[in-house]
Amino acid sequence: MHPRWEYHLRFVCSFLMLLGTASAWMRGQCPGIATAPAAAADCAARSVPQDHAAQLDPAHPYTLAELINIAERNNPRTRILWERARQRAEALGVAKSAYYPVLAGLAAFGDQRTIAPFPKPLAPRGYTMVEIPVVQPEISLQYLLFDFGKREGKVDEAEAQKIAAGANFIAANQQVAFRVSSAYYGLLTAQERLEAARETLKTAQATQDAAEDRLNNGRATQPDVLNARAETAQSIFDLESADGEEKIARVTLTEVVGSDPSPNIVIDGQKDTPLPQELTLSIDSLIERAIANRPDLQAQAAEIRASDDAIRQAKAEYRPQIGLMASGAQTSIWPTTDFGRLGQASEPTWSVSLGIEWRLWDGGARKNALAIAQSKRREAEDEMTELRDQSTREVWTSYISFRTAMRKEQAAQALLDSANSSYAASIDAYQYGVKNLVDVLTAEKQLAQARLSSVSARSQLFLEAVRLEFVTGNLLRNQPPATTSHSADIRP
């Protein structure tokens with residue numbers, strides 16, 4: 001196996017656990033720490049995402065785990081879902097506040113002047129004028145004692161929406177991780193294609209040298225040399241194309257990570273790692289894992305729960321509410337009048353009432369609200385069915401793709417070995433005059449194609465291993481990976 005592609009599968013899978021521990025609370029970030037929806041929402045409620053572009057060191061060779069960690073903290077999509085999870089967690093606190101009484105303070109300062117008719121024998125002007133300044137600091141209390149489960153339904157709905165937001169946050173992290181993995185392996189593929197193009201150029205130059213040597217010895221014709229030179233020129237063209245694709249792959253990777261798009265990135269592809277060789281779980285187990293772990297399914301299950309709670313709230317509207325209202329104040333007055341004398345007072349005043357509110361008729365508002373809630377419940381159930389079918393299809397597709405990628409990689413390796421042997425035999429036979437240049441050029445093209453096929457097959461096998469973790473919801477989580485290699489279980 002080529003050393004640049006010896007990137008250990010254990011490392012590919014270990015970043016699932018690595019991001020859940022090493023980067024746990026780094027800079028107050030949530031990515032990688034919370035693999036349960038509720039924990040993700042709680043973490044988002046306690047942290048604020050950093051709003052800046054990632055800074056990459058062009059001299060540091062980044063591993064896949066490092067790049068995913070950077071992307072989780074800098075990708076705009078993860079920050080959006082982060083804030084939504086934070087909002088849902090705060091909304092739960094708002095819903096729970098309905099269980100507590102509401103206290104309000106009021107301070108009233110007033111001055112009132114009134115005029116009242118009065119008999120002249122008693123009031124010389126035929127009226128009296130009274131001015132009453134008032135100072136009244138007051139505290140009022142409102143307390144909903146019983147509402148037949150309406151508040152409980154709101155709290156449970158907010159809790160379910162918080163879990164759904166946490167699951168969506170995890171899903172966003174997994175999607176970013178998969179995009180980074182795809183771009184990472186895309187860059188590895190481009191690098192291998194570039195190296196394969198260099199090897200193909202060396203092969204073409206060797207063929208050209210052999211043709212020119214035979215021409216100098218009078219055993220070849222000028223057309224043979226020209227054909228060999230044409231193949232060398234084609235190899236140079238392919239090398240330049242591969243070099244451009246490799247630089248573009250670097251730009252793509254930096255963009256996905258959340259940094260300014262640039263080719264200035266170095267990845268670590270030098271680990272001594274064998275290719276994935278087999279699956280550790282059956283297709284039924286993979287589907288069960290996906291149904292249990294996929295965050296989109298967890299989010300939809302939480303939406304169904306929220307719909308049930310909305311129905312409870314709509315039904316509670318048909319029942320009465322019992323509430324307590326109370327107020328206490330210190331009322332101070334010092335009235336004055338233009339006739340006679342009035343007394344001053346500064347006394348505590350209060351009021352207490354227990355009320356029952358029961359809407360008897362509302363023109364069908366409650367009936368329609370209940371019908372809407374029940375319809376949304378059925379809609380959520382249908383969406384869950386659709387997501388389950390989609391998840392099962394994706395697991396089946398990834399399962400088949402991984403097994404196909406394994407067989408293609410084995411076939412590509414056999415093809416590469418055969419093409420190497422064929423070209424070596426053809427060039428030797430050509431130098432001895434047993435074969436003509438057409439045979440050599442045919443073997444050379446087959447070798448070049450075999451190199452590219454081997455590169456693509458290895459890249460696809462690694463990527464399908466990561467995709468299988470992604471579609472089963474195991475990406476960035478610490479469950480055993482779905483794939484392994486024969487040497488992955490060997491311990492030093």
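It should be emphasised that the depicted structure is a prediction, and the values quoted were computed from it without experimental measurement. If you read the sequence from its start, that first residue is 1, and numbering goes on from there.
The environment of CZ in Arg403 is sparse: at most 12 heavy-atom neighbours from other residues, nucleotides or ligands sit within 6.0 Å. Within 6.0 Å of OH on Tyr318 lie more than 12 heavy atoms contributed by other residues, nucleotides or ligands. The 12-atom threshold is exceeded at CD of Gln390, counting heavy atoms of other residues, nucleotides or ligands nearer than 6.0 Å. For Arg294, the CZ atom sits in a packed shell: over 12 heavy atoms of surrounding residues, nucleotides or ligands are nearer than 6.0 Å.
Using a 3.5 Å distance cut-off with no hydrogens or angles, the side chains of Thr207 and Glu444 do pair a donor with an acceptor. Checked by atom type, the side-chain pair Asp238/Gln234 shows a donor-acceptor distance below 3.5 Å. Side-chain contact annotation: Gln208 with Thr232, donor-acceptor N/O pair under 3.5 Å present. In this structure, a donor-acceptor pair under 3.5 Å is absent between the side chains of Arg467 and Ser181. Residues Arg393 and Thr397 have side chains that never bring a donor and an acceptor to within less than 3.5 angstrom of each other. Donor-acceptor pairing under 3.5 Å is recorded for the side chains of Arg451 and Thr203. Under 3.5 Å, the side chains of Ser282 and Ser285 contain a donor-acceptor pair of N or O atoms. Of the N and O atoms on the side chains of Thr472 and Asn474, not one donor lies less than 3.5 Å from an acceptor on the other residue.
When all heavy atoms are compared, the tightest approach of Ala380 to Ser307 is CB-OG, 4.0 Å. Lys154 approaches Gln313 most closely through the heavy-atom pair CG-OE1, 2.9 Å. Looking at every heavy atom in both residues, Ser426 comes nearest to Ala443 through OG-CB, 3.6 Å. The two residues Val471 and Ala290 have their closest heavy-atom pair at O-CB, 3.7 Å. Closest of all the heavy-atom pairs between Pro480 and Arg289 is O-NH1, 2.9 Å. The two residues Asp147 and Ala316 make their nearest non-hydrogen contact at O-CB, 4.0 Å.
Under a 4.0 Å N-O distance rule, the pair Arg250/Glu246 qualifies as a salt bridge. Arg377 has a carboxylate O that lies under 4.0 Å from a charged side-chain N of Asp308, or vice versa, which qualifies the two as a salt bridge. A salt bridge links Arg359 to Asp362: at least one charged side-chain nitrogen sits closer than 4.0 Å to a carboxylate oxygen. The existence of a salt bridge linking Lys445 and Glu231 is confirmed by a sub-4.0 Å separation between a basic side-chain nitrogen and an acidic carboxylate oxygen. The pair Asp382-Arg378 does not meet the salt-bridge criterion, since no charged nitrogen lies less than 4.0 angstrom from a carboxylate oxygen.
To the nearest 0.5 Å, atoms CD (Gln446) and CG (Leu416) are separated by 12.5 Å. Rounding to the nearest 0.5 Å places CG of Asp428 at 9.5 Å from OH of Tyr423. With rounding to the nearest 0.5 Å, the separation of CG in Leu468 from OH in Tyr399 is 9.5 Å. A distance of 11.5 Å separates CG of Leu281 from CD1 of Ile287, quoted to the nearest 0.5 Å. One distance of note links CG of Leu187 with CD of Glu245; it measures 12.0 Å at 0.5 Å rounding. For the atom pair CD1 of Ile311 and CD1 of Ile372, the computed distance is 12.0 Å after rounding to the nearest 0.5 Å.
Formation of a donor-acceptor pair under 3.5 Å by the Asp243 side chain with backbone atoms of Leu239 is not found in this model. With Arg366 contributing its side chain and Glu317 its backbone, the two residues share a donor-acceptor pair below 3.5 Å. Without hydrogens or angle criteria, Ser459 side chain to Ser456 main chain gives no donor-acceptor distance under 3.5 Å. No donor-acceptor pair under 3.5 Å is formed between the side chain of Ser418 and the backbone N or O of Ala414. Remark: the backbone N or O of Val251 is not paired with any side-chain donor or acceptor of Ser262 at under 3.5 angstrom. Judged purely by atom type and a 3.5 angstrom limit, Arg88 has no side-chain atom pairing as donor or acceptor with the backbone of Arg84. No donor-acceptor pair closer than 3.5 Å links the side chain of Gln298 to the backbone N or O of Pro37. Listed for the Arg477 side chain is a donor-acceptor partner under 3.5 Å among the backbone atoms of Asn293. A donor-acceptor pair under 3.5 Å is formed between the side chain of Ser391 and the backbone N or O of Leu387. Of the possible donor and acceptor atoms, none in the side chain of Arg193 sits under 3.5 Å from a partner among the backbone N and O of Leu452.
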Please walk me through it: do Arg319 and Trp358 pass side-chain contact (heavy atoms from CB on, under 4.5 Å)? CA-CA 6 Å; Arg319 300 181 177 92; Trp358 195 350; 5.5 Å; no

Please report the C-alpha distance between Val466 and Phe178 in whole Å, then the side-chain angles of each, then the deciding distance to 0.1 Å, and finally whether the side-chain contact (heavy atoms from CB on, under 4.5 Å) criterion is met. CA-CA 7 Å; Val466 178; Phe178 182 69; 4.2 Å; yes

Determine, stepwise, if the pair Thr189 / Arg458 fulfils side-chain hydrogen bond (donor to acceptor under 3.5 Å, both in side chains). CA-CA 8 Å; Thr189 302; Arg458 288 196 298 269; over 6 Å; no

Worked check of side-chain contact (heavy atoms from CB on, under 4.5 Å) between His60 and Val266: CA-CA 6 Å; His60 174 70; Val266 179; over 6 Å; no

Run the side-chain contact (heavy atoms from CB on, under 4.5 Å) test on Lys367 and Leu370 for me, step by step, so that the C-alpha distance in whole Å, both residues' side-chain angles and the decisive distance to 0.1 Å come before the verdict. CA-CA 5 Å; Lys367 175 183 176 182; Leu370 178 58; 6.0 Å; no

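Here the side chains of Arg151 and Lys96 are not in contact, with every heavy-atom distance at 4.5 Å or above. Residues Leu67 and Ile267 have side chains in contact (heavy-atom distance under 4.5 Å, counting atoms from C-beta outward). Between Phe146 and Pro320 the shortest side-chain heavy-atom distance does not fall below 4.5 Å. Within the 4.5 Å cutoff, the side chain of Asp156 has heavy atoms near those of the Arg312 side chain. With contacts defined as side-chain heavy-atom distances shorter than 4.5 Å, the pair Val256/Tyr184 does not qualify. Within the 4.5 Å cutoff, no side-chain heavy atoms of Glu157 are placed close to those of Arg305. For the pair Ile304 and Glu381, the minimum side-chain heavy-atom distance is below 4.5 Å. When side chains are defined from C-beta on, Leu56 counts as touching Thr254, because their heavy atoms get closer than 4.5 Å.
Note: Tyr185 and Phe462 have parallel aromatic rings, judged against thresholds of 30 and 60 degrees for the angle between ring planes.
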